[in-house]
Amino acid sequence: MQISARNLLKGKVENVELGTVMASIKIKVDEPGLITAAITRESAEKLGLKEGDDVAAIIKSTEIIVGKE
């Protein structure tokens, strides 16, 4: 995966909570330890996110984007 963002933290999905529209994804990273990404439910389902998945948290100035290889 190639992207232009340079703020990228690799981690493992600890928890996926699917709401009606949004999803909350807890990602275990080395530092600061655990971050939470709020993404659309559609995106969470399209990525097939589940506990234990290796993912990357790609951080923009106003949001966190989740990527899965």
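To the nearest 0.5 Å, atoms CD (Glu42) and CG (Leu47) are separated by 10.5 Å. The distance from the CD atom of Glu69 to the NZ atom of Lys10 is 5.0 Å, given to the nearest 0.5 Å.
The hydrophobic clustering, which links ILVMFWY residues whose side-chain heavy atoms are closer than 4.5 Å, places Met22 and Val13 apart.
For Ile39, the side chain to side chain contact (heavy atoms under 4.5 Å, CB included) test picks out Ala23, Ile25, Ala37, Ser43, Ala44, Leu49, Val66, with sequence neighbours left out. Partners of Glu45 according to the side chain to side chain donor-acceptor pair (under 3.5 Å) rule, which considers only residues two or more places apart in sequence or in another chain, are Arg41. Residues forming a side chain to side chain donor-acceptor pair (under 3.5 Å) with Lys12 (at least two apart in sequence, or on another chain): Asp54.
Among residue pairs with one or both ends in residues 19-30, those qualifying as side-chain hydrogen bond (donor to acceptor under 3.5 Å, both in side chains) are Lys26-Thr36; sequence neighbours excluded.
Minimum interatomic distance between Ile27 and Leu34 (heavy atoms only, all atoms of both residues): O-CD1, 3.2 Å. Listed here is the closest heavy atom pair of Glu17 and Asn15: CG-OD1, 3.1 Å.
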